[in-house]
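Counting starts at 1 for both ligands and their atoms, in listed order. Reckoned from all heavy atoms, side chains included, excluding hydrogens, waters and symmetry mates.
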Amino acid sequence: MRARVFPDYEAMSAAAADVVRRRLGERPSSVFMLPTGITPLGMYRRLVEMHRSEGLSFAEATFFNLDEYLGLAPDHGASYHVYMKENFYGLIDADPARVFVPDGAAPDPDAECERYEAAIRESGGIDVGVLGIGRNGHIGFNEPGSSFDSRTRVVALSESTRQVNAADFEADRAPEQAITVGMATIFESRKVLLLASGTNKAGAVAAAVEGDVSESVPASMLRSHPSAVLFLDEDAASDLGQGVAG
Ligand code: GLP
């Protein structure tokens, strides 16, 4: 796993958007997996700008989101459906038939997870998986302890994640459960790009890059991935020692 450190969030976001643009240039029908959260907003903003100013087209691409809260209907203001529509899918020329976000309100959540996993398989698999990282090292909503063999499934969110994400909800906690793409499914992405910004991610980044490869730090799984790269701003890289390539 390589790590590239950028001077600040804007530079990191620009580099991430360039990875997506280049991949689309090589193959317009590429399959992407995408994250939510604050971190990828700069990348999305740039991709939307590229669509508007350069005519960058996403019409042939396929998109899978990483996760969704369980119990939230797709029109719920805090749902990842709404987040993606407002920040990306609704602002570009994505084909709705090739945009997938887990349905948190599905009557049978386990069946929804199987359907989602099958849709990823049928798309030919993920070409580029873009990830954020939680302060506890989670990727998607794969909390510490998630099996590296796991597939798309319903998970319980940790108390700390529910508190960190509480701001989006009227109650003082995020929902208790979510649907997340599994660790093995993420690992099968041909390329993985993990974005991290800010000092509150520095500990998780250092644990993932320099600690043991362990299910207690989900992002550490990426160390054995043949094509995983971390894009960090200087703050997120601030706990790293000498062993990391620039
Ligand atoms: C959430 C999402 C993750 C995301 C993480 C970090 O829990 N499920 O996919 O990577 O938070 O979010 P942020 O970028 O806001 O720090």
Side-chain angles (χ1 to χ4, degrees), residues 6 8-10 12-13 16-17 32-46 63-72 76 78-84 86-88 100-104 113 116 120 126 128-146 150 152-169 173-183 185-187 189 192-208 217-222 228-233 235-239:
F6 298 89
D8 56 28
Y9 175 74
E10 296 303 328
M12 184 200 76
S13 300
F32 295 92
M33 184 139 64
L34 295 178
T36 49
I38 294 167
T39 312
L41 287 173
M43 176 186 76
Y44 291 140
R45 203 171 56 242
R46 279 173 175 74
F63 300 99
F64 287 94
N65 264 80
L66 271 164
D67 45 21
E68 177 60 288
Y69 291 108
L70 195 71
L72 295 199
H76 188 289
S79 73
Y80 290 163
H81 277 82
V82 167
Y83 168 103
M84 289 305 296
E86 289 182 347
N87 292 299
F88 193 47
F100 298 85
V101 183
D103 181 358
C113 294
Y116 205 73
I120 293 174
I126 307 295
V128 181
V130 185
L131 308 174
I133 183 170
R135 295 179 204 189
N136 61 5
H138 74 230
I139 50 178
F141 268 137
N142 293 284
E143 296 279 27
S146 294
S150 58
T152 304
R153 67 201 187 289
V154 173
V155 291
L157 298 181
S158 71
E159 185 58 21
S160 66
T161 297
R162 294 183 64 210
Q163 281 178 29
V164 170
N165 293 5
D168 295 333
F169 295 89
R173 293 285 188 281
E176 290 176 15
Q177 290 177 293
I179 291 176
T180 186
V181 170
M183 296 293 283
T185 317
I186 291 172
F187 195 83
S189 303
V192 174
L193 178 59
L194 186 147
L195 310 179
S197 161
T199 48
N200 59 16
K201 299 294 173 66
V205 165
V217 183
S220 68
M221 174 186 70
L222 302 174
V229 55
L230 265 66
F231 278 14
L232 311 172
D233 64 10
D235 287 341
S238 58
D239 281 1

Quick one: does ligand 1 sit under 4.0 Å from the side chain of Val164, the backbone, both or neither, non-hydrogen atoms only? neither
Is a salt bridge present between Arg46 and Glu10, judged by a nitrogen-to-oxygen distance below 4.0 Å? yes
Close aromatic pair by centroid cut-off 6.0 Å: Phe88 and Tyr83: no
Starting from atom 4 (C) of ligand 1, find the nearest protein heavy-atom neighbour and note its residue, name and distance. Thr36 O, 4.1 Å
Neighbour count >12 (heavy atoms, 6.0 Å) for atom CD, Glu176: no
How close does the nearest protein non-hydrogen atom get to atom 5 (C) of ligand 1, and which residue and atom is it? His138 NE2, 3.7 Å
Using a 4.0 Å cutoff against the non-hydrogen atoms of Gly132, which atoms of ligand 1 qualify? 10 (O)
Assess the side chains of Thr185 and Arg153: does a donor N or O sit below 3.5 Å from an acceptor N or O? no
Heavy-atom closest pair, residues Ala196 and Ile133: CB-CG2, 3.8 Å
May I ask you to list the atoms of ligand 1 that are less than 4.0 angstrom from any heavy atom of Asn165? 1 (C), 7 (O)
Look only at the side chain of Asn142 and the backbone of Pro218, and say whether a donor-acceptor pair between them is shorter than 3.5 Å. no
Show me which atoms of ligand 1 lie under 4.0 Å from any heavy atom of Thr39. 13 (P), 14 (O), 16 (O)
How far is atom 6 (C) of ligand 1 from its nearest protein heavy atom, and which residue and atom name does that atom have? Ile133 O, 3.5 Å
Nearest protein heavy atom to atom 8 (N) of ligand 1, by residue and atom, and its distance? Asp67 OD2, 2.7 Å
Does the separation of the ring centres of Tyr69 and Tyr80 fall below 6.0 angstrom? yes
Heavy-atom distance to atom 16 (O) of ligand 1: which of Arg135, Lys201, Glu143 wins? Lys201
Just heavy atoms, cut-off under 4.0 Å: does Tyr80 contact ligand 1 by side chain, backbone, both, or neither? side chain
For atom 3 (C) of ligand 1, which protein heavy atom lies nearest, and how many Å away is it? Gly140 O, 3.4 Å
Can you tell me the protein heavy atom closest to atom 12 (O) of ligand 1 and the distance? Gly37 CA, 3.9 Å
Closest to atom 15 (O) of ligand 1 among protein heavy atoms sits Ile38 N, 2.7 Å
Ring centers of Phe231, Phe6 separated by less than 6.0 Å: yes
Distance-only side-chain donor-acceptor flag, Asp233 / Ser197, under 3.5 Å: yes
